[in-house]
Amino acid sequence: MKTDRLAAHLLDRPAQLKNLRQKGTKVIGYFPGNYVPEELIFAAGAVPVCLIAGGSSRPAREGLSVVPNVICPFARAQIGERQLGENPYYEMLDAVVAPITCQHLKKVAEIWDYRHDLDVIKLGVPHQNDDDSDLAYFSDRLKALRSKLEAVTGREVTNDGLREAINLYDRMRGQFRELSLMRRDSDSSVSTLDFIKLNHDSYHADPAVMVDELQVLCDEAKKSERKTPAGKPRLLLMGPNLAHGDYDLFRLVDEAGGSIVVEDVFEGVRNCQQRIDGEGDPIELLARSYLKDRVPPRFHEIRYAEKAWLCR
């Protein structure tokens, strides 16, 4: 499920980014988990790239040359990608934003900060998220992130520029939400594997191109049907991470006669249920959206059922 234009764009994307860097544009990576607002990176005049590789065991094995095997395979894969030097998205980074969500990715940030000529910007994330003080803390950390991004790019992040970026990414989230909800119907042409691959594509593509092509795909999906056999089990996929290229499970479920129709995954799938609405300081709006108006991850001590949108 990919338009010809999007496929060609992604094939050429590493060369595009190399050319942009030669002209002075910064490429800033960030770890997944839906805590780093791409809007901030985009409004700073940089290109955001989510570091989501992990569908191959080779980088994870390579990471064992640096960290022990108690570190999770995904975190080891991030280390291995930099060690191997073969993934263009990892080789052209000017800086990386590392949200402190778990000890494993925190260790990756520390190792990259020590071993590589790379600006590592750590983003504090509250682990309680049960009162207004946590929101105030996260807002403060996003303001600090804005200042650090301005220092890296040499460009001021204005409120107007940030609002434009929010509008662009809100369109993308709305399109993903529309595609995701189509999976509720047994005659939907949108498979979860298609949906996950599009999520991963969006982490590397130019957001303006991605929005245009997602609209084409939404329009096409409304017109087409794919009948699901009667009685085919419909499954919920839960887990911590879906890395780029890590698609074998979807094929195995399909071969076994099932159909994954919704997922609850912390890293590798965009949070698309919320919209960033309202007047006021755009940083405050981003903080609330990325911290509060989302399906909470397991490390937050709140009742999941109160926030879950999947059952609405």
Side-chain angles (χ1 to χ4, degrees), residues 2 6-23 25-36 38 41-42 46-67 69 71-99 101-102 104-122 152 193 196-207 209-210 240-250 265-270:
K2 191 179 299 184
L6 180 58
H9 172 72
L10 290 167
L11 186 64
D12 192 47
R13 188 60 170 161
Q16 293 176 9
L17 295 182
K18 182 178 180 180
N19 185 52
L20 286 171
R21 288 189 77 212
Q22 290 173 347
K23 296 178 179 178
T25 299
K26 303 297 184 182
V27 176
I28 298 181
Y30 65 95
F31 292 146
N34 294 294
Y35 280 106
V36 179
E38 290 162 291
I41 299 173
F42 189 79
V47 177
V49 172
C50 187
L51 303 174
I52 194 63
S56 169
S57 62
R58 183 168 166 246
R61 290 197 305 269
E62 182 67 25
L64 289 171
S65 66
V66 181
V67 294
N69 60 8
I71 300 298
C72 79
F74 178 73
R76 295 203 314 266
Q78 307 316 299
I79 296 170
E81 291 289 357
R82 291 284 294 183
Q83 295 290 106
L84 291 169
E86 298 172 356
N87 188 322
Y89 291 110
Y90 285 72
E91 289 304 293
M92 62 179 67
L93 299 175
D94 295 291
V96 62
V97 181
T101 54
C102 73
H104 301 268
L105 286 179
K106 179 183 177 184
K107 182 59 64 178
V108 177
E110 291 170 348
I111 289 170
W112 283 7
D113 197 18
Y114 178 75
R115 295 171 65 99
H116 300 283
D117 183 18
L118 183 67
D119 286 326
V120 176
I121 305 170
K122 294 178 182 178
V152 170
L193 180 55
I196 296 301
K197 286 183 175 181
L198 283 172
N199 270 264
H200 292 164
D201 291 342
S202 74
Y203 288 136
H204 295 155
D206 181 306
V209 173
M210 195 71 203
N241 184 286
L242 270 175
H244 186 272
D246 194 11
Y247 306 134
D248 288 346
L249 178 62
F250 298 95
V265 175
F266 176 48
E267 296 165 336
V269 183
R270 286 183 178 277

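The first residue of the sequence shown is numbered 1, and numbering continues consecutively from there.
- Between His204 and His244, the angle of the ring planes lies from 30° to 60°, which puts this pair in the tilted group.
- No side-chain donor-acceptor contact under 3.5 Å links Asn34 to the backbone of Arg270.
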Inset, instruction - Evaluate side chain to side chain contact (heavy atoms under 4.5 Å, CB included) for Glu91 paired with Lys18, printing each intermediate quantity in order. - result: CA-CA 10 Å; Glu91 289 304 293; Lys18 182 178 180 180; over 6 Å; no
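- Aromatic ring orientation, Tyr30 versus Tyr203: perpendicular (interplanar angle above 60°, classes split at 30° and 60°).
- At distances below 3.5 Å, not a single donor-acceptor pair connects side-chain atoms of His9 with backbone N or O atoms of Met210.
- In terms of heavy-atom proximity, Ala77 sits nearest to Pro59 at O-CB, 3.7 Å.
- The shortest distance between side-chain heavy atoms of Leu17 and Tyr89 falls below 4.5 Å.
- At a threshold of 4.5 Å between non-hydrogen side-chain atoms, the residues Val36 and Ile41 count as touching.
- A heavy-atom distance below 4.5 Å is found between the side chains of Leu10 and Lys2.
- Scanning both residues, Ala46 and Ile28, for their nearest heavy atoms gives CB-CD1, 3.8 Å.
- Between the Arg82 side chain and the Trp112 main chain, no donor and acceptor come within less than 3.5 Å of each other.
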Inset, instruction - Decide side chain to side chain contact (heavy atoms under 4.5 Å, CB included) for Asp201 and Leu198; before the verdict, give the C-alpha distance in whole Å, the side-chain angles of both, and the deciding distance to 0.1 Å. - result: CA-CA 5 Å; Asp201 291 342; Leu198 283 172; 4.2 Å; yes
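- For the pair Gln78 (side chain) and Ala53 (backbone), a donor-acceptor distance under 3.5 Å is present.
- Here the closest non-hydrogen pair linking Pro73 and Ala60 is O-CB, 3.7 Å.
- With a 4.5 Å cut-off on side-chain heavy atoms, Asp206 and Arg13 count as touching.
- Between Leu118 and Asp94, the closest heavy-atom pair is CD1-C, 3.6 Å.
- Counting non-hydrogen atoms of neighbouring residues, nucleotides and ligands closer than 6.0 angstrom, the NZ atom of Lys106 reaches no more than 12 such neighbours.
- Minimum heavy-atom separation, His104 to Ile71: ND1-CA, 3.4 Å.
- Side-chain contact between Tyr90 and Leu51: present, with at least one pair of heavy atoms (C-beta onward) separated by less than 4.5 Å.
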